Amino acid sequence: MRKEEETDKLIKNPLLKQALKGNPFLLPDEYFINLTNELLMKTRISEMGDSSFKIPAEYQDDLRLSILSKVTEQKIKTAVKSSKPKLSSDYIEDLQQRILNKTVHLDETVKEANHFKTSNDDKSFNKVRRIGQQKWITFVAAASLLLVMGIFAILEGKKNTTKLNSKTTIVQVESLQTDDIINYLAYYSEVGDLEYLSDQLEDSLNSTEGISTQEIKSYLEYSL
Amino acid sequence: MSKTIEDAEILKKFNNERTREEAFTDLLNKYQERIYWHIRRFVLSHEDTDDLVQEVFIKIWNNLAKFRADSKLYTWIYRIATNESITFLNKKKQMLNISIDDESSSYLAETLTQSSYFDATKAELTLQQAILTLPDKQRLVFNMKYFEDLKYSEISNILGTSVGALKSSYHIAVKKIEKYFSEID
């Protein structure tokens, strides 16, 4: 009763003395029995947690290295993503125009290129190369056409030359003398014809009525 | 029987892996009620006390093998319980934006009236309210001296305060409580 003696000396208030003897704090039934069981269960769990799961030797070191490498990998991926070259907003349009210049507007580009080739001061000019290497078909077609035209021309030329020679022959016969004609016939004609023609020719010469000059020319053409 | 088991016996059994759990059971039977009330009178709430008691004894289980017996076992257990309780209340003060230097424990008064595990007469309620006007350390001294019936030397070992300071603190605490009662009346 030590505490009461000491406190009784200090406290005079009877109400306080009475209050000090009571205990207003409550707790659940069988709390301490349950508390013991709960604490024992927790200690058993903590013991199991330490030894029930076994891990391979050097697992912790390997795990650490694995985690570090994954972190580094993630950092690299992030860095690559952020450093990826970005396309300018009008890149696609420029690309389209450049393609058109090299295809649809190719002739204009070549003319431009030729113009700039003669300009020695324009050093910024870039050589324009034709694209479309398959233009050889056009060249072949053009060459073939030229060949055909040439052949026709040659053939036509021969025909005209023949006609022209006939016309020249007629002009030359008209200018020939009778004696020349007789001599020619004597040289080139057959014997029988020659005698007959000579006789006939003299007769005709003596009588030129009924045989025109044209008839004689025609006969000569036939004979020749 | 288990309640009268000596601390030395408990320690010996605990150091043997086969009898460790039995030793811990003995320790619980001997100290769990005392530790419960030591904490309960300080933090007032049964739920908070339950959590703290379990934390204290789990800590004891984890560290008892390292106990070097340079102090008595019950002193070591009480010290753990006291430090855990003070830490808990300091955290509660921070949550309520109350300065740790604020010595008043009046913020706990609401805990008293709202708890379903508190059934007090008017005088008992007034007493608890009076005790809450004391600083935390003085409250501990009063509780340990009057309600737990510990010697000043034992309280000195637990709190690390001289016997003289403890006596003075206790007397001041009693006077304050009486004055509170007189003012209420």
Side-chain angles (χ1 to χ4, degrees), chain A residues 1-68 70-71, chain B residues 17 20-22 24-25 27-29 32-33 35-37 40-41 44-46 49-50 53-58 60-62 112 115-128 130-131 142 145-151 167 170-175 177-182 184-185:
Chain A
M1 306 297 278
R2 192 175 31 189
K3 68 175 181 184
E4 290 180 357
E5 286 175 6
E6 187 172 359
T7 311
D8 282 344
K9 289 177 185 177
L10 296 170
I11 298 172
K12 307 297 177 193
N13 191 318
L15 201 59
L16 177 55
K17 282 183 182 180
Q18 190 177 356
L20 283 169
K21 289 176 183 176
N23 182 7
F25 297 105
L26 306 176
L27 67 167
D29 294 337
E30 298 183 345
Y31 170 74
F32 291 109
I33 296 172
N34 294 335
L35 177 63
T36 301
N37 294 334
E38 199 168 335
L39 284 166
L40 286 173
M41 188 171 61
K42 284 187 177 182
T43 55
R44 285 170 195 158
I45 290 169
S46 69
E47 287 288 299
M48 280 170 60
D50 292 340
S51 61
S52 61
F53 298 103
K54 292 182 181 176
I55 57 174
E58 299 179 349
Y59 170 75
Q60 295 291 349
D61 289 335
D62 292 344
L63 176 65
R64 186 177 134 270
L65 289 171
S66 173
I67 291 169
L68 287 172
K70 281 187 192 294
V71 168
Chain B
E17 201 170 326
R20 182 167 295 165
E21 192 172 294
E22 184 186 334
F24 190 68
T25 307
L27 185 139
L28 288 173
N29 290 336
Q32 66 178 354
E33 280 192 58
I35 296 300
Y36 174 86
W37 289 114
R40 179 74 188 269
R41 289 187 186 279
L44 302 183
S45 162
H46 165 70
T49 304
D50 184 42
V53 166
Q54 292 196 40
E55 282 178 26
V56 166
F57 281 101
I58 294 298
I60 291 169
W61 167 266
N62 291 331
L112 265 178
S115 174
S116 57
Y117 290 104
F118 184 76
D119 183 17
T121 60
K122 187 180 176 185
E124 286 168 347
L125 178 60
T126 306
L127 171 61
Q128 293 303 320
I131 293 172
F142 182 82
K145 181 64 184 149
Y146 187 83
F147 294 112
E148 296 171 49
D149 198 23
L150 293 174
K151 300 175 185 175
K167 283 183 180 177
Y170 179 73
H171 286 177
I172 293 170
V174 172
K175 289 293 179 192
I177 292 168
E178 192 172 32
K179 185 181 176 187
Y180 186 92
F181 257 82
S182 303
I184 294 295
D185 285 340

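Keep in mind that the numbers below use all heavy atoms, side chains included, and drop hydrogens, waters and symmetry copies. Each chain gets a letter, A, B and so on, in the order the sequences are listed, and its residues count up from 1. What you are looking at is a predicted structure, and each value in this text was computed from that prediction instead of being measured.
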Side-chain donor/acceptor of B:Glu178 to backbone N/O of A:Asn13, under 3.5 Å
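Confirmed, B:Glu178 side chain pairs with A:Asn13 backbone.
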Measuring from atom [atom1] of [X] to atom [atom2] of [Y], what distance do you get when rounded to the nearest 0.5 angstrom?
X: B:Thr49; Y: A:Leu27; atom1: OG1; atom2: CG; value: 9.5 Å
X: B:Trp61; Y: A:Leu40; atom1: CH2; atom2: CG; value: 8.0 Å
X: A:Thr36; Y: B:Gln32; atom1: OG1; atom2: CD; value: 3.5 Å
X: A:Leu35; Y: B:Ile35; atom1: CG; atom2: CD1; value: 11.5 Å
X: A:Thr43; Y: B:Arg20; atom1: OG1; atom2: CZ; value: 10.5 Å
X: B:Phe24; Y: A:Arg44; atom1: CZ; atom2: CZ; value: 11.0 Å

Residue, of B:Gln54, B:His171, B:Lys122, B:Arg41, that accumulates the most heavy atom pairs under 4.5 Å with chain A:
B:Gln54
Does B:Leu127 form a side-chain contact (heavy atoms from CB on, under 4.5 Å) with A:Leu15? I'd like the steps, not just the answer.
CA-CA 9 Å; B:Leu127 171 61; A:Leu15 201 59; over 6 Å; no
Mind checking whether B:Trp37 and A:Phe25 have parallel, tilted or perpendicular rings, split at 30° and 60°?
tilted
May I ask you to decide if the ring planes of A:Tyr31 and B:Tyr36 are parallel, tilted or perpendicular, using 30° and 60° as cut-offs?
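Tilted.
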Sort B:Leu125 into side chain, backbone, both or neither according to what part of it lies under 4.5 angstrom from a heavy atom of chain A.
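Nothing of B:Leu125, per the 4.5 Å heavy-atom cut-off to chain A.
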Side chain, backbone, both or neither: which part of B:Ile177 has a heavy atom under 4.5 Å from chain A?
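Interface part for B:Ile177: both.
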Within a strict 4.5 Å, meaning less than it, do heavy atoms of the [X] and [Y] side chains meet?
X: B:Thr126; Y: A:Leu16; value: no
X: A:Pro28; Y: B:His46; value: yes
X: B:Phe147; Y: A:Leu20; value: yes

Which bit of A:Glu38 is near chain B, if near means a heavy-atom gap under 4.5 Å: side chain, backbone, both or neither?
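Contact with chain B: side chain only.
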For A:Pro24 and B:Glu124 the tightest heavy-atom approach is CB-OE1, 3.8 Å
